[in-house]
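Structure first, commentary second.
Lettering of chains follows the sequences in order, A, B, ..., and the numbering in each one begins at 1.
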Amino acid sequence: MGNSNSFLTTPRAPGAKKRKGRYYTKGRQVDPQSLTEIRELLTGQPLHRNLAIEHLHRLQDAFGHLKKRHLAALASELHMALSEIYEIATFYHNFKVADEDDDTPKFVIKVCDSLTCEMAGSANLAKDLAGNFGENVEISHGACMGRCDKAPVVRLKDHCVSNATLDKTIMEFEEYTSNSIKTASDHTSYEEYKEQGGFTFLSKLYSGGITSEEILEKLRESNHRGLGGAGFPHHLKIQSVLSVPGPRLMAVNADESEPGTFKDRYYMNNNPYQFLEGMLIGAELISAEEIYIFLRDEYSDTADILKEALAQIKIMGLSKDRPIHLRRGAGAYICGEESAMLESLEGKRALPRHKPPFPSHVGLFGKPTLINNVETLYWLPEILEKDSSWYSESGRHGATGYRTFSLSGHVNKPGVYRTPAGITAAELIAEYGGGIKDGHTFKAYLPGGASGGALPASMADIPLDFGTLEPHGCFIGSAAVIVLSDKDNLKNVARNLMRFFEDESCGQCTPCRAGTEKAIELMKEDQWDTDLLVELSDVMRDASICGLGQAAPNGFMSLLKHFPEELK
Amino acid sequence: MTEGILFSLDGKEVTARTGQSIWDVAKENGTQIPHLCHTDRPSYQADGNCRACMVEIEGERVLAASCMRQPSTGMIVNSASERAKKSQKMVIELLATDQPERQNFHKPDSHFWKMAEINKISESRFPSRDMPLEDLSHPAMAVNLDACINCNLCVRACRDVQANDVIGMAGRGVHSKIVFDFDDPMGDSTCVACGECVQACPTGALLEKTMIEAPVIDRKIASVCPFCGVGCQLTYNVKDDKIISVDGRDGPANQERLCVKGRFGFDYIHNPERLTKPLIRKEGVSKKDIEGLDPSNPLTHFREATWEEALDVAASGLLKIKNQTGPGSLAGFGSAKGSNEEAYLFQKLIRTGFGTNNVDHCTRLCHASSVAALLETVGSGAVSAPFNEAKNSDVIIVIGSNPAVNHPVAATFFKNAVKDGTKLIIIDPRRQALSRYATYSLQEKPGSDVALLNSMMHVIAEEGLTNADYIKDHTENFSALKEHLKEFSPEAMTTKTGIDPDTVRQVARLYANANAALIFWGMGISQHVHGTDNSRCLISLALMTGQVGRPGAGLHPLRGQNNVQGASDVALIPMFLPDYQSVEDPEIRARFEKTWDAQIDPERGLTVVEITEAIHEDNIHGMYIMGENPAMSDPNVTHAREAFAKLDLLVVQDLFLTETAAYADVILPASAWPEKEGTVTNTNRQVQMGRPAVPLPGDTRQDYWIIQEIAKRMGLNWDYTHPKEVFGEMTGVMDSIKGITWERLENEGAVTYPCASEDDPGKPIIFDNGFPTASGRGTFVPASLISPDEVPDKEFPTVLTTGRLLEHWHTGSMTRRSKILDAVEPEPIIQMPPAMFEKLGISPGDFVTVQSRRGQIDIRARADGAVQKGMVFIPFCFAEAAANVLTNDALDPDGKIAEVKFCAVRVSKTVSLETV
């Protein structure tokens with residue numbers, strides 16, 4: 001076969017030849033070095049996209065921030081598209097994606113700007129801090145860190161400065177960066193809890209000494225309710241999950257993020273085993289295949305306690321070999337919304353799901369899922385031990401049971417208080433909170449954190465419970481009572497609350513995403529267009545997908561109702 | 001019948017079917033509830049994020065999104081109450097706040113503004129915010145996120161529908177925004193430009209750049225895409241007789257989806273290089289004189305002629321050769337890019353006018369070996385199930401195929417299936433875009449398919465995973481296969497395949513144990529000297545496990561050209577008359593001779609590569625080539641070009657002065673697909689209707705007219721005045737499409753064959769009860785190991801494989817003349833594994849010289865980790881560095897297909913080259 005060179009020639013080839021060719025495949029390339037670094041970092045870890053958030057944490061902990069070259073390599077290892085990993089990395093506020101891959105990671109100091117901390121002067125503190133650190137430190141803001149009894153709070157990675165001042169923050173920053181200070185935890189140990197009769201009912205349940213039906217009956221008799229905010233009767237929730245065939249899962253909502261709330265942290269830090277016993281009982285009741293605990297990132301001290309306690313439980317054989325996954329949030333209030341939390345547990349952005357279907361039927365990974373808040377579970381062994389009547393006979397003003405209030409703001413003794421259900425704000429402040437701070441006059445209070453609305457001091461005699469505040473446009477929610485005084489500018493309070501929701505809106509639906517943003521813009525004016533704000537608020541309440549958007553205008557609307565003159 | 005769900009909507013009793021949303025029911029009852037993020041187009045799930053469709057449901061605390069919410073019996077729904085309206089309007093007002101001014105924006109008639117108009121919103125009472133700047137980095141699409149309303153439709157388009165996963169919603173809350181990859185410019189991202197997002201976007205935030213120039217169109221024409229065998233139905237948007245943009249239409253294969261070629265690759269028909277006048281080679285211009293021939297100015301080598309003269313010269317020349325050296329000294333290459341009617345007429349002309357069966361087309365370089373194996377074993381050469389059946393499969397095998405590049409829209413359905421839980425097994429020497437979706441990705445050594453497939457079958461036989469009932473009831477010769485497989489244990493084959501035995505076992509089990517499994521294959525199977533054996537193995541694999549003839553199960557060779565199925569069906573091949581009826585069977589021949597009123601040569605004709613050889617051997621002197629470019633697509637192409645130059649007469653009918661037309665004596669300017677009416681048959685056996693969108697340019701003519709004019713001049717008494725008359729004749733001689741009429745196609749758009757009568761809906765899944773063979777059974781044909789014809793050695797140590805790029809079709813004659821496609825892939829590249837760059841001491845973008853025993857080319861190198869060590873890949877669409885200069889023309893003995901997927905080359909750093 002002869003080859004003639006002339007037949008190599010063709011007519012001028014088509015194509016405009018205006019652009020240069022591509023010498024790499026389309027889009028970002030995964031460079032070998034980053035891939036090696038990721039593989040080393042994730043050695044022994046399952047490479048599943050469900051764990052994307054956990055892996056992003058590992059990456060950020062190791063490198064100080066998230067470099068895009070690492071993100072590309074991580075996406076490749078997890079068989080994810082670039083956009084899929086980028087969405088997650090940019091959704092959660094505690095992740096920081098570096099603009100350029102060769103940027104040096106900065107130490108991010110987060111100053112809490114939620115209501116209680118702002119009332120305690122966090123805005124000025126942030127300004128003061130800004131001038132006191134070098135280039136490698138970034139002063140940023142953070143949402144409520146769950147330590148409102150020690151406001152203002154400043155977060156240095158996994159350490160929080162309580163009652164922060166400029167000097168204290170600088171001192172603790174130096175300590176932290178030199179030797180990583182850790183505060184020793186002082187909680188009820190396994191042995192102590194056991195001695196106090198702990199794990200009796202779990203063992204009984206396992207051995208048949210008490211049946212599931214008996215426990216459910218006790219819960220029903222006690223009138224115990226979910227204490228994450230919605231107050232749904234505990235036994236009904238379990239029965240709802242049981243009404244669909246398994247396999248079932250359990251998810252524990254330890255993403256306590258409602259501004260002003262720090263009770264779950266209190267329980268987990270002080271008596272983790274009681275909470276865990278409640279959890280294990282719950283899991284056994286629904287024959288959960290696995291348990292997931294979603295703990296907010298801000299509670300790193302709690303994470304250490306729980307890790308140790310879970311290891312202990314495993315050693316003692318109390319989990320019946322049920323896998324228990326402790327998952328770390330990444331900075332998103334919306335994860336307190338149960339379906340958003342499920343999305344996050346699946347390794348995705350925390351966008352609330354549409355309901356129906358409800359998570360008790362179609363939950364985590366599509367399986368029926370029992371979702372309980374920490375405090376709800378904490379009560380469970382105690383109710384069984386002390387019996388349902390002990391619980392149901394407590395209560396004031398017609399309410400039954402106990403409630404745990406997180407009290408903050410202008411009171412002498414802010415803190416976590418276990419009280420009879422139905423206590424009034426006035427009683428709570430006087431009997432537990434040590435009264436209003438000197439120099440302040442009680443003006444108003446928020447009965448349920450940032451989302452539960454606000455009431456004037458003149459209405460501090462309403463029993464605080466599920467259903468009692470709704471007629472006044474408020475709700476108890478997570479029982480976070482924030483006390484306002486005459487020193488607080490109510491317009492600023494309304495702005496602070498709206499800004500919180502704008503910051504925490506997941507962005508999925510228009511009324512919440514655009515509504516909070518436009519509301520803030522309107523609230524920046526000296527004179528407020530309250531008619532338009534009310535119209536917008538109505539739509540946010542009516543048309544938002546989840547409780548975040550629906551509750552976002554509550555603060556504004558109730559302050560406007562009770563203090564119309566101040567909100568003009 | 002299930003009872004409907006009765007509920008009240010706006011005071012009226014209405015009924016919903018299970019699964020319908022309130023919005024759906026409202027629409028059916030004539031109520032349009034406002035909607036922005038919702039579309040009821042196929043494959044789009046309701047997302048309920050915009051909240052423009054809120055309705056009030058009695059007894060509920062808050063409003064509900066009607067697009068998401070399914071009604072329950074007795075529900076009282078109000079879509080127009082004051083409360084509902086307030087939310088609907090407020091949502092639109094909020095979004096309008098940050099929109100660019102309507103009149104100055106590129107898409108003033110966007111869905112968003114229409115919805116705003118209906119709701120009487122023209123301005124907003126809210127303060128607006130800063131919005132992102134435009135991104136014009138992509139050649140095809142403009143990104144103007146200032147018009148974005150975060151409705152997420154483009155994310156769903158990119159992720160849920162086309163599953164290209166490029167677009168994401170990054171950030172959070174008011175800062176959430178649409179991004180490409182890591183918020184990269186669209187043009188620098190992994191975007192494959194399917195344009196699904198553009199079609200989905202309700203505001204024009206994502207928009208075809210052509211629509212910016214011409215936002216208002218004159219007319220819309222429903223047709224079908226001319227590129228690959230998927231057969232996507234589409235709508236041309238035409239202004240001033242130019243195609244401005246294209247939208248996907250709801251065809252059975254594509255369900256409104258398109259790929260980059262179908263969406264953005266139509267301007268080739270308006271390219272100034274288009275031939276518009278017949279041309280005749282100038283006296284004295286040698287066919288070896290190609291240097292300086294410019295397709296935009298052919299008058300250096302050719303002169304213009306009238307149709308009369310050109311047709312006369314062509315026909316009389318062909319007749320002269322026929323008379324002098326006999327009918328066998330003529331040959332014709334028809335086209336798989338034209339209509340069924342054109343292909344049918346072309347082969348009829350060759351058989352009855354030329355008097356020979358020397359007629360073939362690009363199927364010879366495509367699935368000829370697959371068809372040979374299928375006809376031999378199961379009696380039918382077409383697919384057993386449409387690719388869309390993937391949704392019903394538990395397991396899909398994609399082997400020797402890169403559908404995300406070659407059948408992009410089919411690939412989207414595979415990805416959809418995987419997202420719904422189907423397991424995907426990819427077997428290919430190269431990694432590919434689909435690999436990320438694969439449960440198993442077997443990067444075998446090139447050319448080791450028989451070894452691998454036999455070892456999979458070995459496992460299935462050894463572990464008793466065969467379907468004994470199926471084998472007993474529907475097959476024959478299994479014992480011979482079983483015996484044959486004994487020596488093919490995965491352990492024995494592992495050095496040949498490079499795949500570890502455990503993986504082979506797992507994959508074999510996964511396939512065999514699936515309730516329903518489908519095999520898709522492409523040119524990586526067929527284009528080998530053992531291509532027929534490769535296919536035989538795949539067929540055996542399916543038969544021994546009974547994975548055929550049921551929903552989600554079957555055999556699907558993904559057909560390449562838009563009408564390669566149809567062209568083959570109507571006998572644009574040398575050994576068959578229409579419907580694969582042997583031309584060597586006297587009874588069959590007699591039937592056609594009667595119908596066609598002509599003698600038919602009793603001997604089968606020559607195939608593509610054989611014809612080239614016959615020219616070299618002085619047995620063929622004249623050719624008529626319609627719409628094919630063998631001077632680019634043939635293996636060992638310099639050898640083929642030499643042959644074409646040697647012909648006494650070459651008549652080429654094409655749109656452009658192709659590399660083949662350069663050797664022509666007469667060039668007939670033809671019609672492009674969007675200028676003609678006719679039917680095409682896709683890989684799913686769906687016959688679909690193509691319609692003209694724009695008039696013929698200049699003095700070009702309809703191809704069927706040109707064929708007929710040649711026929712008339714060769715003494716045939718033809719008088720077709722419309723393609724439908726040709727189609728009518730075809731249905732008279734082809735049982736497979738007997739039940740399809742032109743009118744039916746006009747009404748239904750697509751009909752699947754086999755289709756026996758006008759009321760037969762057609763049969764998507766065949767082999768449900770045996771096979772169309774003499775015994776009614778499928779036959780196992782064992783395949784032994786045959787090495788590739790040319791294995792690497794010291795001198796030529798690297799394996800070259802060839803294929804396509806996503807953006808360029810076949811030899812590039814159309815797509816390289818499309819502005820956008822050319823912009824995305826403008827120059828020849830060789831894809832090499834990154835390690836090879838280090839070895840050669842070069843960087844991506846440098847030139848390398850690639851030599852084989854047949855020729856050499858210089859070409860710039862692209863780093864591509866998907867290519868395995870010891871291997872390189874060159875797309876064959878670039879004339880200035882034609883891959884087929886290097887390829888081997890050794891043939892598969894049964895399919896007569898050349899081994900363009902495997903030859904030995906040497907790659908070296910280019911020593912000196914003037915690069916400017």
Side-chain angles (χ1 to χ4, degrees), chain A residues 1-4 6-28 68 71-72 79 81-84 86-87 90-91 93 354 502-511 513-518 521-522 532 535-536 538-539 541-545 550, chain B residues 48-51 54 62-63 68 83 86-87 90-91 94-95 125-127 150 165-174 176 179 181-182 189-190 288 290-291 293-295 436 638-639 641-642 657 659 662 812-813 816-817 822-823 826-827 829 844-845 854-855 860 862-864 878-880 885:
Chain A
M1 291 186 211
N3 278 317
S4 165
S6 70
F7 293 105
L8 281 173
T9 312
T10 59
R12 183 186 58 72
K17 302 181 179 57
K18 278 187 187 152
R19 288 167 72 111
K20 264 186 64 177
R22 285 187 297 106
Y23 307 125
Y24 294 93
T25 51
K26 286 190 184 92
R28 279 172 188 274
K68 287 181 179 172
L71 291 178
H79 292 243
L82 295 175
S83 60
E84 289 174 322
Y86 190 74
E87 279 184 339
T90 54
F91 180 88
H93 280 185
H354 291 262
E502 186 211 25
D503 205 33
E504 295 297 340
S505 167
C506 78
Q508 187 181 193
C509 69
T510 313
R513 181 188 68 247
T516 52
E517 187 258 338
K518 297 305 172 207
E521 287 303 311
L522 293 174
L532 186 55
E535 192 183 329
L536 177 59
D538 287 345
V539 172
R541 285 177 161 180
D542 258 356
S544 295
I545 292 176
Q550 290 166 12
Chain B
N49 70 62
C50 76
R51 318 304 276 177
M54 302 308 280
V62 291
L63 303 177
M68 298 285 292
R83 195 173 155 209
K86 184 172 164 184
S87 277
M90 174 65 84
V91 161
L94 281 169
L95 294 170
R125 293 167 289 171
F126 296 100
N150 287 39
D165 307 325
V166 179
I167 304 183
M169 183 72 82
R172 179 160 109 192
V174 72
S176 56
V179 295
D181 294 344
F182 289 175
S189 74
T190 52
K288 289 189 179 175
I290 303 288
E291 194 80 50
L293 179 51
D294 186 341
R436 189 162 62 77
T638 48
H639 187 62
R641 288 173 189 166
E642 210 175 337
L657 195 138
E659 293 71 18
S813 61
R816 292 196 73 196
R817 290 182 171 91
D822 176 49
E827 65 171 5
I829 44 96
R854 292 152 297 278
R860 286 190 200 266
R862 173 182 293 171
D864 189 345
F878 295 107
E880 58 274 51
V885 163

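Distance check: B:N49 CG to A:C506 SG gives 9.5 Å after rounding to the nearest 0.5 Å. In this structure, CG in A:L82 is found 13.5 Å from CD1 in B:I167, a value given to the nearest 0.5 Å.
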Verdict with supporting geometry, A:T10 and B:E880, side-chain contact (heavy atoms from CB on, under 4.5 Å): CA-CA 7 Å; A:T10 59; B:E880 58 274 51; 5.7 Å; no
Test side-chain contact (heavy atoms from CB on, under 4.5 Å) applied to A:T510 and B:C50, step by step: CA-CA 5 Å; A:T510 313; B:C50 76; 4.1 Å; yes
side-chain contact (heavy atoms from CB on, under 4.5 Å) evaluation trace for A:F7 with B:H639: CA-CA 8 Å; A:F7 293 105; B:H639 187 62; over 6 Å; no
Test salt bridge (charged side-chain N to carboxylate O under 4.0 Å, His left out) applied to A:D538 and B:K86, step by step: CA-CA 9 Å; A:D538 287 345; B:K86 184 172 164 184; 2.6 Å; yes
Derivation of the side-chain contact (heavy atoms from CB on, under 4.5 Å) call for A:L536 and B:L94: CA-CA 9 Å; A:L536 177 59; B:L94 281 169; 4.0 Å; yes
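The greatest number of non-hydrogen atom pairs below 4.5 Å with chain B, out of A:V539, A:L71, A:D542, is found for A:D542. Interface summary for chain B: among A:E517, A:H354, A:Q508, the most heavy-atom pairs under 4.5 angstrom belong to A:H354. Heavy-atom pairs under 4.5 Å with chain A were tallied for B:P295, B:S813, B:A662; the largest tally goes to B:P295. If you tally non-hydrogen atom pairs under 4.5 Å between each of A:G507, A:A16, A:P11, A:S505 and chain B, the highest count goes to A:P11. Listed options A:G515, A:A81, A:A72 were ranked by heavy-atom pairs under 4.5 angstrom with chain B; first place goes to A:A81. Ranked by non-hydrogen atom pairs under 4.5 Å with chain A, the options B:D181, B:V885, B:D822, B:T190 are led by B:D181. Among the candidates A:R541, A:K68, A:K18, the residue making the largest number of heavy-atom pairs closer than 4.5 Å to chain B is A:K68. Between chain B and the options A:S83, A:A543, A:P511, A:A514, the largest number of non-hydrogen pairs under 4.5 Å is found for A:S83.
The closest donor-acceptor contact from the side chain of B:R862 to the backbone of A:R22 lies under 3.5 Å. In this structure, A:E87 contributes its side chain and B:M169 its backbone to a donor-acceptor pair below 3.5 Å. When atom types are taken as modelled, the side chain of B:R816 and the backbone of A:G15 share no donor-acceptor pair closer than 3.5 angstrom. Formation of a donor-acceptor pair under 3.5 Å by the A:K518 side chain with backbone atoms of B:P127 is found in this model. At distances below 3.5 Å, at least one donor-acceptor pair connects side-chain atoms of A:T90 with backbone N or O atoms of B:G171.
Applying the side-chain contact (heavy atoms from CB on, under 4.5 Å) rule to A:R19 yields the partners B:P139, B:A823, B:P826; only residues at least two apart in sequence or on another chain are considered. Legend: residues meeting side-chain hydrogen bond (donor to acceptor under 3.5 Å, both in side chains) with B:R172, ordered by chain and number and at least two apart, are A:H93, A:E504.
In this structure, chain B has heavy atoms under 4.5 Å from both the backbone and the side chain of A:E535. For a residue to count as touching a neighbouring chain, one of its non-hydrogen atoms must lie under 4.5 Å from one of that chain's; by this rule B:S189 touches chain A with the backbone only. Both the backbone and the side chain of A:K17 come within less than 4.5 Å of a heavy atom of chain B.
Closest heavy-atom contact between B:V174 and A:E502: CG1-OE2, 3.7 Å. Nearest heavy atoms, B:R641 versus A:T9: NH1-O, 4.1 Å. Across all their heavy atoms, B:S176 and A:R513 have their closest contact at OG-CD, 3.8 Å.
At a threshold of 4.5 Å between non-hydrogen side-chain atoms, the residues B:R51 and A:S544 do not count as touching. Looking at heavy atoms from C-beta onward, A:R28 lies in side-chain contact with B:F182 at the 4.5 angstrom threshold.
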